[in-house]
Number of protein chains: 2
Amino acid sequence: MTADNRADHRPASPPLTERQEARRRRILNASAQLAARGGFDAVQMREVAEAAGVALGTLYRYFPSKIHLLVATMQDQLQHMHTTLRKRPPAGADPAERVAETLMRAFRALQREPQLADAMVRALTFADRSVSPEVDTVSRLTTAIILDAMGTEHPTPGQLSAVRVIEHTWHSALITWLSGRASIAQVKIDIETVCRLIDLTAPARTPEPTV
Amino acid sequence: MTADNRADHRPASPPLTERQEARRRRILNASAQLAARGGFDAVQMREVAEAAGVALGTLYRYFPSKIHLLVATMQDQLQHMHTTLRKRPPAGADPAERVAETLMRAFRALQREPQLADAMVRALTFADRSVSPEVDTVSRLTTAIILDAMGTEHPTPGQLSAVRVIEHTWHSALITWLSGRASIAQVKIDIETVCRLIDLTAPARTPEPTV
DNA sequence: CGCTAATCTAGAACAAGTTACAGACTTGAT
DNA sequence: ATCAAGTCTGTAACTTGTTCTAGATTAGCG
């Protein structure tokens with residue numbers, strides 16, 4: 001889980017030439033930029049194609065649907081966030097605190113581009129089976145971030161369940177905030193509430209024995 | 001919270017004649033039926049209108065968008081479920097067990113019509129601000145069901161937060177199951193995991209003192 | 001009954017995601 | 001350098017959600 005740049009981008013089906021990598025990057029940037037103002041609706045395939053300097057058909061060759069595109073955009077952003085978070089790890093004493101702190105930090109980052117967050121999260125939860133592999137990648141990235149914050153190398157099944165529940169809460173709380181049905185304070189409380197599950201699922205094991 | 005048929009349907013803006021009520025019902029039934037096979041994509045506005053014997057424009061007068069329609073369909077189904085669940089309350093000893101049992105029962109009900117569930121839940125999480133009031137109604141219904149199962153009349157803020165987290169987990173777990181990224185067993189475990197929060201948020205108060 | 005406003009119908013029109021296709025351009029191997 | 005295969009471009013067409021409009025129906029009221 002440390003420096004694994006395998007599942008990062010394409011699973012390496014065809015190894016993409018340099019120009020292709022550049023196209024892909026232009027597309028993702030255009031997507032993020034359009035999403036940043038205007039949200040989900042503003043990411044229009046024709047506009048993305050034009051902004052990326054690419055034909056519509058090409059855009060669809062790289063990303064077979066708008067949802068695929070936005071989920072890939074999310075992957076991209078999460079990657080950034082993961083490396084950023086690693087530079088300044090959370091300072092809390094116990095795992096629950098650290099996870100809550102990490103998630104709230106991520107949350108504040110998303111607050112700065114609420115429209116982008118909206119587009120990405122809506123795409124993520126709207127994705128159907130055809131996008132499962134990509135959504136799964138996002139999920140694994142999120143799991144990695146949370147486990148990093150916990151400082152847990154070899155999670156028990158119980159801990160994995162807790163992490164999944166935290167992810168569920170994280171996505172869903174984000175959506176309720178983005179659609180104006182919950183305040184930031186409420187999100188914070190709910191994140192802290194769910195993080196208490198961490199203490200619950202590993203109470204007898206890792207009380208920082210200062211090895 | 002007992003027999004409140006106020007926020008059930010329309011907030012009573014114009015009181016709807018009998019024929020209008022019938023139209024509305026036909027539309028909701030058509031929606032549920034089309035959703036039941038085919039899921040979200042199969043609920044096409046033209047088809048709903050035709051199946052309900054109503055002009056397209058009329059459909060849009062009753063439900064201003066496909067999302068509104070499906071969220072209303074969900075309200076409808078939840079209402080059924082709530083009354084059904086009330087007939088046979090969960091039998092568990094402590095609140096956490098009862099809530100988990102209730103949710104798994106609801107889950108099994110949805111399993112019987114996975115496509116319908118898919119359409120409704122996707123609509124729910126995809127809904128933007130313009131659907132907030134309706135989504136909020138669904139949320140309140142769900143909260144009512146959970147509080148019912150807990151047997152809690154006057155929840156503390158901490159308990160409300162736990163209930164919200166449970167709802168988040170419920171929706172999100174449902175989605176991951178519907179899109180084939182999680183097994184039923186995993187959903188069950190996660191539901192049980194999150195329900196432990198209930199014990200956590202009201203440990204000093206209601207240990208069944210057999211009043 | 002006869003009037004008026006609201007509602008409903010049928011159908012066209014528009015918007016954005018998606019697909020299809022003919023022709024130009026790249027790439028990689030010979 | 002040349003050829004074949006694969007890729008990209010530009011553009012049109014198709015699908016489905018949504019809007020609009022003109023004329024028929026209905027509801028409520030005197």
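- For B:Asp41 and C:dT18, the CG to C1' distance is 13 Å, given to the nearest whole Å.
- Between the C1' atom of D:dT26 and the CZ atom of B:Arg19 lies a distance of 7 Å, rounded to the nearest Å.
- Contact annotation: the side chain of B:Ile198 approaches that of B:Ile166 to within less than 4.5 Å [non-hydrogen atoms, C-beta and beyond].
- Rounded to whole Å, atom C1' of C:dA20 lies 16 Å from atom CG of A:Leu59.
- Side-chain N or O atoms of B:Lys188 include none that pairs as donor or acceptor with a backbone N or O of B:Met104 at under 3.5 Å.
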Extract from the structure each pairing of a protein N or O with an N or O of nucleotides 28-30 of chain C at less than 3.5 Å, listing the distance.
none

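- When the C1' atom of C:dC25 is taken as reference, atom CZ of A:Arg61 falls 13 Å away, rounded to whole Å.
- Backbone-only contact: B:Val43 has heavy atoms under 4.0 Å from sugar-phosphate atoms and none from a base.
- In this structure, A:Thr137 contributes its side chain and A:Pro133 its backbone to a donor-acceptor pair below 3.5 Å.
- Contact annotation: B:Tyr62 does not reach the phosphate of C:dT7 (side-chain N/O to OP1 or OP2, under 4.0 Å).
- Close to D:dT7, at under 4.0 Å from its OP1 or OP2, lies no side-chain N or O of A:Arg23.
- Panel note: side chain B:Thr102, backbone B:Arg98; a donor-acceptor pair is recorded below 3.5 Å.
- Seen from the ring of B:Phe40, B:Lys66 counts as a face-on cation partner, given the 6.0 Å and 45° thresholds.
- Interatomic distance, CD1 of B:Ile67 versus CD of B:Glu134, reported as 11.5 Å (0.5 Å rounding).
- For the pair B:Asp76 and B:Arg25, the salt-bridge criterion is met [side-chain N within less than 4.0 Å of a carboxylate O].
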Write down the protein N/O and nucleotide N/O pairs, taken from nucleotides 18-24 of chain D, whose separation is under 3.5 Å; answer none if there are no such pairs.
unit_1 : atom_1 : unit_2  : atom_2 : d
D:dT18 : OP2    : B:Tyr60 : OH     : 3.0
D:dT18 : OP2    : B:Lys66 : N      : 2.9
D:dT18 : O5'    : B:Tyr60 : OH     : 3.4
D:dT18 : O4     : B:Arg46 : NH1    : 3.3

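- In this structure, CZ of A:Phe63 is placed 13 Å from P of C:dT18, rounded to the nearest angstrom.
- Between B:Gln44 and A:Gly53, it is A:Gly53 whose nearest contact on DNA chain D lies nearer the 5' terminus.
- Rounding to the nearest 0.5 Å places CD of A:Glu192 at 9.0 Å from CD of A:Glu97.
- Distance, A:His68 NE2 to C:dT18 C1': 13 Å, rounded to whole Å.
- Listed for the B:Arg129 side chain is a donor-acceptor partner under 3.5 Å among the backbone atoms of A:Leu178.
- Closest to the side chain of B:Ala55, from the set D:dG10, C:dT26, C:dT9, is C:dT9.
- A straight line from CD of A:Glu21 to P of D:dT7 spans 15 Å, rounded to a whole angstrom.
- Distance CD (A:Glu50) to P (D:dC8): 19 Å, rounded to an integer number of Å.
- Distance from the side chain of A:Gln20 is smallest to D:dC8 among C:dC8, D:dC8, C:dG17.
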